[in-house]
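For reference, the structure is listed below as structure tokens.
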Amino acid sequence: MTTVRETDDTAASLRAAMVSELREMGVFQTEAVANAVATVPRHLFAEGEPLQAAYAANKALVIKRDESGNALSSLSATHIQAVMLEQAEIEPGMRVLEVGSGGYNAALIAELVGETGAVVSADIDAEIVERARACLDTAGYERVQVVLADADGGVPEHAPFDRIIVTAGAWDIPPAWREQISERGRIVVPLRMRGITRSFAFDRDGEDLVSASYRLCGFVPMQGSGAYTERLLQVTDGVALQVDDQRQEFDTEDLAATVHAPHLEVWSGAAFDLPDELELFLVTSTPEMVMLHGSKDLVDQGVLALSVTRGVPALVVGGSFAYRTKRPNEETGGFESGVFAHGPEAEAVAERYVELLRRWTSDHRRRGAAHIRYMPMPEGAAEPSPGVVAKRLGAVEVSWS
């Protein structure tokens, strides 16, 4: 389908190497997605970047930043784009809406739908729309339609869609997406909840959506009507809580007083494994679980464990909190999960956390054990509870097998 002649042997060689690396990583489940990645000249969508960066399998490239330097738009790593396309299971002849434009992913989709399909790529930023249009034209994908739109409302003039693929971190699923997919439609969306993001592949189940799969991912947050900012509560110097539910209240003074006090260390005897699956289990187990972030300085001082530097699920009850850590233990297969707990109720909070670690290891320690259902509800009606993450327009129900 590509009409640009390959004149850059270096780009062709690097692209082939990237495809080989992705194969070795087990990313490709179908030859259709592998062939699309092998065909589209990614460097034409990464203007100003070195060829090595354009064809790095796991490197995201920032396209636009705000005045503070935060990423507003990026060319996602080919690795995650291929993973999401595999989740989408796109077939020739389908109509596909891409939410969030960059050009490259839309070109991959165009390869998958073929001449009989249609691709619409929407973005809220006029500058990004113009850039994506120019890149697609240069690469020979003039048939892809690029539109300026707030994706919270979908693109009704081009609906219905067999697939909606979202390439920005969404906090909720707007009604327009459900309304604009066909009966065989699927929504692949990086959904943010309680401080983590997973790419879910949602299919229709009556009014609800049920996830066919989920994968680890990270994206810049969605802009426009669907924008949502989690609270970042400063507890003390070097310690903060990332809070999903704006209604939650915390006694930061009591929590701050416990940070530097002696902590309780409890080891579970359970294996530490598949951290992304474990993390999903922990954050959905109770609404009292939030993300704890701590500085490397406090880790070096022995105040906090290393896990806090990347953010870790923390169980916060009153002025006490507990969070996960690990240590080497050959008897548990390499590492053992454990808990650091702070505060007057450290023992009770640690016991609750350790029970969760043991339960996950004994009952759910495998890929794909979570079952995800999105249930639309009247605005503000959803209530958080164990296994239920409340959203503005619905709730995410998570059960485990």
Side-chain angles (χ1 to χ4, degrees), residues 83-84 86-89 166 169-175 177-178 181 185-217 230 243-245 247-248 268 270-291 312-317 322-324 337 339 351-378 380-401:
V83 164
M84 292 178 69
E86 293 287 10
Q87 285 184 286
E89 297 182 352
V166 184
W171 190 78
D172 206 347
I173 299 178
W177 297 355
R178 293 184 293 106
I181 57 171
R186 174 174 291 182
I187 301 170
V188 179
V189 53
L191 192 61
R192 297 153 47 206
M193 51 186 185
R194 294 188 182 152
I196 69 171
T197 304
R198 296 292 183 272
S199 173
F200 296 104
F202 283 113
D203 294 331
R204 286 182 178 275
D205 184 18
E207 292 298 313
D208 295 354
L209 297 170
V210 177
S211 175
S213 67
Y214 56 93
R215 299 289 185 273
L216 180 67
C217 68
E230 295 89 347
V243 183
D244 196 51
D245 188 344
R247 296 170 293 184
Q248 283 182 282
S268 67
F272 175 78
D273 192 17
L274 302 175
D276 55 318
E277 292 277 348
L278 173 59
E279 186 177 61
L280 179 61
F281 175 77
L282 291 171
V283 302
T284 59
S285 63
T286 170
E288 294 168 305
M289 199 75 75
V290 300
M291 293 300 285
V312 63
L315 182 62
V316 182
V317 180
Y323 62 96
R324 176 198 58 73
S337 61
V339 167
E351 183 179 348
R352 284 182 58 188
Y353 207 121
V354 165
E355 191 277 329
L356 290 172
L357 294 173
R358 289 171 178 160
R359 177 148 53 95
W360 180 82
T361 301
S362 64
D363 299 342
H364 314 300
R365 183 186 165 196
R366 60 186 180 280
R367 292 286 179 198
H371 304 276
I372 317 293
R373 177 178 292 270
Y374 180 87
M375 302 171 291
M377 295 181 181
E383 290 291 337
S385 63
V388 175
V389 180
K391 297 295 182 181
R392 187 176 74 251
L393 301 169
V396 181
E397 181 183 70
V398 185
S399 59
W400 294 81
S401 60

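A donor-acceptor pair is defined here as one N or O able to donate and one able to accept, closer than 3.5 Å; such a pair exists between the side chain of Asp172 and the backbone of Leu393. For Gln87 (side chain) and Val188 (main-chain N/O), no donor-acceptor pair under 3.5 Å exists by modelled atom type.
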Arg198 and Leu216: CA distance, side-chain angles, deciding distance, side chain to side chain contact (heavy atoms under 4.5 Å, CB included) verdict: CA-CA 5 Å; Arg198 296 292 183 272; Leu216 180 67; 3.1 Å; yes
Check the pair Glu86 / Arg215 against salt bridge (charged side-chain N to carboxylate O under 4.0 Å, His left out), numbers first and verdict last. CA-CA 11 Å; Glu86 293 287 10; Arg215 299 289 185 273; over 6 Å; no
Assess the residue pair Trp177 and Val166 against the criterion (side chain to side chain contact (heavy atoms under 4.5 Å, CB included)); give the C-alpha distance rounded to whole Å, side-chain angles, the decisive distance to 0.1 Å, and a yes or no. CA-CA 10 Å; Trp177 297 355; Val166 184; 3.7 Å; yes
Evaluate the side chain to side chain contact (heavy atoms under 4.5 Å, CB included) criterion for residues Leu278 and Asp273: first the C-alpha distance (whole Å), next the side-chain angles of each, then the deciding distance (0.1 Å), finally the verdict. CA-CA 8 Å; Leu278 173 59; Asp273 192 17; over 6 Å; no
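To the nearest 0.5 angstrom, Leu356 atom CG is 8.0 Å from Thr286 atom OG1. To the nearest 0.5 Å, atoms OG (Ser211) and CD1 (Ile187) are separated by 11.5 Å. Atoms OG1 and CH2, on Thr197 and Trp171 in that order, are 12.5 Å from each other to the nearest 0.5 Å. Here the straight-line distance linking atom CD1 of Ile372 with atom CE of Met193 works out to 5.5 Å at 0.5 Å rounding. Annotation: the span from Thr284 atom OG1 to Glu397 atom CD amounts to 11.0 Å, rounded to 0.5 Å. The CZ atom of Phe202 sits 10.5 Å away from atom CG of Asp208, with the distance rounded to the nearest 0.5 Å.
The heavy-atom pair separating Val283 from Met291 by the smallest distance is CG1-SD, 4.2 Å. In plain terms, the two heavy atoms of Arg178 and Glu207 that are nearest each other are NH1-O, 3.8 Å. The minimum heavy-atom distance linking Ser385 with Pro287 is given by the pair C-CD, 3.7 Å. The shortest heavy-atom contact between Val317 and Arg352 is CG2-NH1, 3.7 Å. Between Ile181 and Arg204, the closest heavy-atom pair is O-NH2, 2.8 Å. Residues Ser337 and Ser268 share a closest heavy-atom pair of O-OG, 2.6 Å.
Within the 4.5 Å cutoff, the side chain of Pro384 has heavy atoms near those of the Arg194 side chain. Contact of the Tyr353 side chain with the Leu282 side chain is registered, since non-hydrogen atoms from C-beta on lie closer than 4.5 Å. Side-chain contact check for Tyr214 versus Glu277: some heavy-atom pair is nearer than 4.5 Å. Side-chain contact between Leu274 and Arg367: present, with at least one pair of heavy atoms (C-beta onward) separated by less than 4.5 Å. Proximity of Asp244 to Lys391: side-chain heavy atoms (C-beta onward) are separated by under 4.5 Å at one or more points.
A donor-acceptor contact under 3.5 angstrom links the side chains of Arg366 and Ser401, judged on distance only.
Other residues, nucleotides and ligands contribute only 12 or fewer heavy atoms inside 6.0 Å of the CD atom of Glu351.
Using a 30° and 60° split on the angle between ring planes, Trp400 and His364 fall in the tilted class, from 30° to 60°.
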